[in-house]
Amino acid sequence: MTDADADAVDSADAADAAGVAGVAGVRCLVTGATGYIGGRLVPELLDAGHRVRCLARSPEKLRDHPWAGRAEVVRGDANDAESVAAAMRGIDVAYYLVHALGGGPRFEERDRSAARIFAEQAAAAGVRRIVYLGGLTPAGIPVRELSPHLRSRAEVGEILLASQVPATVLRAAVIIGSGSASFEMLRYLTERLPVMVTPSWVGTRCQPIAVRDVLRYLVGSAAMPPEVNRAFDICGPDVVTYEEMMRRYAAVADLPKRLILRVPMLTPGLSSHWIGLVTPVPRALARPLAESLRHEVVCGEHDIAHHVPDPPGAPIGFDEALALALRRVRDARVTTRWSSASVPGAPSDPLPTDPDWAGGSLYTDRREIDVDAPPDALWRVVEGIGGENGWYSFPLAWAVRGWLDRLVGGVGIRRGRRDAARLRVGDSLDFWRVEEIEPGRLLRLRAEMRLPGLAWLELRAEPVAGDGRRSRYRQRAVFHPRGLLGHLYWWSVSPFHAVVFGGMARNIAHAAEDS
């Protein structure tokens with residue numbers, strides 16, 4: 001996506017979005033607001049003068065976004081007709097931005113069901129337009145021969161276009177912007193591998209688009225006339241191969257030229273393992289991305305410009321989109337990332353709060369240390385944990401745990417952080433996700449690695465009564481085992497807790513004292 005992807009929301013971007021919308025005050029529903037595109041679309045709609053309601057399974061994940069106080073957030077699930085119906089009341093334009101990417105063996109059925117529910121409830125509520133962001137499908141390839149994910153996205157578009165509500169289906173190929181999965185995959189492959197052995201699909205042509213342009217088309221679609229009910233191809237001006245994309249990334253990022261060797265026997269499955277080893281993108285997400293590159297995806301038309309006119313300098317070229325995204329990354333101004341959305345199958349249960357919780361066994365590891373530093377200094381270390389800053393103990397153990405997680409299809413430890421200094425609820429943090437944050441006081445993380453149970457890590461910074469120059473650090477790891485394997489897992493790793501968790505507590509305290 002672009003600077004805007006880059007994480008779009010500069011005032012200039014908002015002004016562009018408002019200009020193309022042509023009308024303010026539209027009541028918009030956004031599903032997928034906790035995801036990469038949805039989290040960027042909401043502020044664009046707000047800045048264009050529209051009123052926005054977000055439908056989210058976990059509304060608390062939107063609590064800390066800068067725009068949270070300007071939008072209405074309701075709890076619900078796209079596969080629950082009752083909650084969708086409630087969210088649709090009073091809505092003019094409904095944005096459908098959910099997709100079960102990497103969502104398990106029945107994701108196509110879930111996508112189909114959610115799309116039908118959305119279309120039916122939009123019609124019942126008198127919604128005047130549905131807007132959907134899907135995938136660009138290759139010309140001349142039967143839908144049945146597409147990858148499951150491209151096939152599912154095409155089917156969702158067809159369901160929405162066949163509904164009683166006029167629909168705008170935007171079809172994009174590779175989206176370039178800071179934090180997008182496609183950009184992160186491109187960035188890590190190019191930066192980490194000066195010599196690359198690549199699958200044959202790196203020679204397939206595609207037409208990437210900057211996130212700023214994606215957002216501009218999404219906002220502008222709110223003003224389309226009622227007779228428009230169709231799909232639009234949306235792309236940037238450059239048609240490139242993936243090999244070309246890597247070479248041009250190296251040039252924009254001032255890297256030496258890359259040597260790229262094609263190997264025809266690398267299947268999408270093998271490619272996804274290879275991508276998972278080199279980049280932070282997990283195999284479950286890498287596979288559909290790799291599969292989508294097997295076929296040429298180039299725009300067949302640019303009719304969207306008749307309804308959402310291109311301002312000067314748009315659509316943004318590939319090299320400029322890369323430069324904008326890289327600038328956002330280097331300036332630590334990434335507003336959403338591909339990992340913003342929850343990992344399919346990851347636990348979402350809240351931490352049991354009752355010490356005598358009756359839901360089953362709970363194992364805990366507690367650490368407490370007095371720190372010769374004020375609470376604000378301790379909190380800065382706590383909030384800065386993970387990513388490039390690491391976990392303050394036994395780096396090899398954390399790295400090995402991350403590699404083991406990747407080997408069994410988990411997210412691993414390389415997702416890093418969205419922001420080097422600040423966290424908000426819903427952020428991914430290596431193989432954790434921020435479940436709760438009370439600035440200056442509490443950080444609670446929920447594990448998203450593959451485990452035979454549920455796990456949390458809680459870090460607290462507390463003042464010492466009567467002494468503003470000192471603080472107390474409290475740390476608690478909690479594990480709720482699932483079956484015998486869960487109990488065996490805890491007892492197998494507990495001997496290492498003194499080194500890992502004990503060292504972590506001591507080193508966090510030392511880091512605060514040295515700051």
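Everything numeric in this text was worked out from a predicted model, so none of it was measured.
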Nearest heavy-atom pair of [X] and [Y]: which atoms, and what distance?
{"X": "N507", "Y": "S393", "value": "ND2-CA, 4.1 Å"}
{"X": "A455", "Y": "F479", "value": "CB-CD1, 3.9 Å"}
{"X": "G390", "Y": "I385", "value": "O-CG1, 3.5 Å"}
{"X": "P208", "Y": "C206", "value": "CD-O, 3.6 Å"}
{"X": "A321", "Y": "I316", "value": "N-CG2, 3.7 Å"}
{"X": "L326", "Y": "V252", "value": "CD1-CG1, 3.9 Å"}

Within the side chain of [X], is there an N or O that forms a donor-acceptor pair under 3.5 Å with the backbone of [Y]?
{"X": "D111", "Y": "S152", "result": "no"}
{"X": "R418", "Y": "L423", "result": "no"}
{"X": "T31", "Y": "L97", "result": "yes"}
{"X": "T190", "Y": "Y249", "result": "no"}
{"X": "R506", "Y": "M504", "result": "no"}
{"X": "R433", "Y": "G426", "result": "yes"}
{"X": "R53", "Y": "A87", "result": "yes"}
{"X": "S471", "Y": "A373", "result": "yes"}

Side chains of [X] and [Y]: closer than 4.5 Å at any heavy-atom pair?
{"X": "M246", "Y": "L186", "value": "yes"}
{"X": "W491", "Y": "P481", "value": "no"}
{"X": "V400", "Y": "L396", "value": "yes"}
{"X": "Q475", "Y": "L457", "value": "yes"}
{"X": "R441", "Y": "P439", "value": "no"}
{"X": "I209", "Y": "Y217", "value": "yes"}
{"X": "W456", "Y": "R476", "value": "no"}
{"X": "E72", "Y": "R27", "value": "no"}

I need the [X] [atom1] to [Y] [atom2] distance, nearest 0.5 Å.
{"X": "L45", "Y": "L218", "atom1": "CG", "atom2": "CG", "value": "8.0 Å"}
{"X": "E383", "Y": "D376", "atom1": "CD", "atom2": "CG", "value": "12.0 Å"}
{"X": "I234", "Y": "D213", "atom1": "CD1", "atom2": "CG", "value": "8.5 Å"}
{"X": "F183", "Y": "S178", "atom1": "CZ", "atom2": "OG", "value": "7.0 Å"}
{"X": "T34", "Y": "H65", "atom1": "OG1", "atom2": "NE2", "value": "7.5 Å"}
{"X": "W490", "Y": "L451", "atom1": "CH2", "atom2": "CG", "value": "11.0 Å"}

Can you classify the ring geometry of W398 versus W432 as parallel (below 30°), tilted (30 to 60°) or perpendicular (above 60°)?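 Rings of W398 and W432: tilted, 30 to 60°.
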Any salt bridge between [X] and [Y], counting N to O under 4.0 Å?
{"X": "D419", "Y": "R417", "answer": "no"}
{"X": "R460", "Y": "E458", "answer": "yes"}
{"X": "E436", "Y": "R63", "answer": "yes"}
{"X": "R70", "Y": "D47", "answer": "yes"}

Residues W391 and D430: side-chain donor-acceptor under 3.5 angstrom: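 Yes, a side-chain donor-acceptor pair sits under 3.5 Å.
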Taking only residues two or more places apart in sequence or in another chain, which ones pass salt bridge (Lys or Arg N to Asp or Glu O under 4.0 Å) with R187?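 In terms of salt bridge (Lys or Arg N to Asp or Glu O under 4.0 Å), with neighbours along the sequence ignored, R187 is linked to E184.
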Can R424 and I437 be said to form a side-chain contact (heavy atoms from CB on, under 4.5 Å), step by step? CA-CA 7 Å; R424 64 191 183 203; I437 185 167; 5.5 Å; no
Could you walk me through whether F496 and F394 pass the ring pair (Phe, Tyr, Trp, His ring centres under 6.0 Å) test, one step at a time? CA-CA 10 Å; F496 302 100; F394 205 175; 8.1 Å; no
Apply side-chain contact (heavy atoms from CB on, under 4.5 Å) to D372 and R469, showing your working. CA-CA 7 Å; D372 290 325; R469 294 173 300 177; over 6 Å; no
Residue list, ring pair (Phe, Tyr, Trp, His ring centres under 6.0 Å) with Y96, at least two apart or on another chain: F118, Y132
Could you check F431 against E448 for side-chain contact (heavy atoms from CB on, under 4.5 Å), going step by step and ending with a plain yes or no? CA-CA 5 Å; F431 48 38; E448 289 193 332; 5.5 Å; no
Between R75 and E60, does the side-chain contact (heavy atoms from CB on, under 4.5 Å) criterion hold? Intermediate values first, please. CA-CA 9 Å; R75 186 182 300 275; E60 58 275 6; 3.5 Å; yes
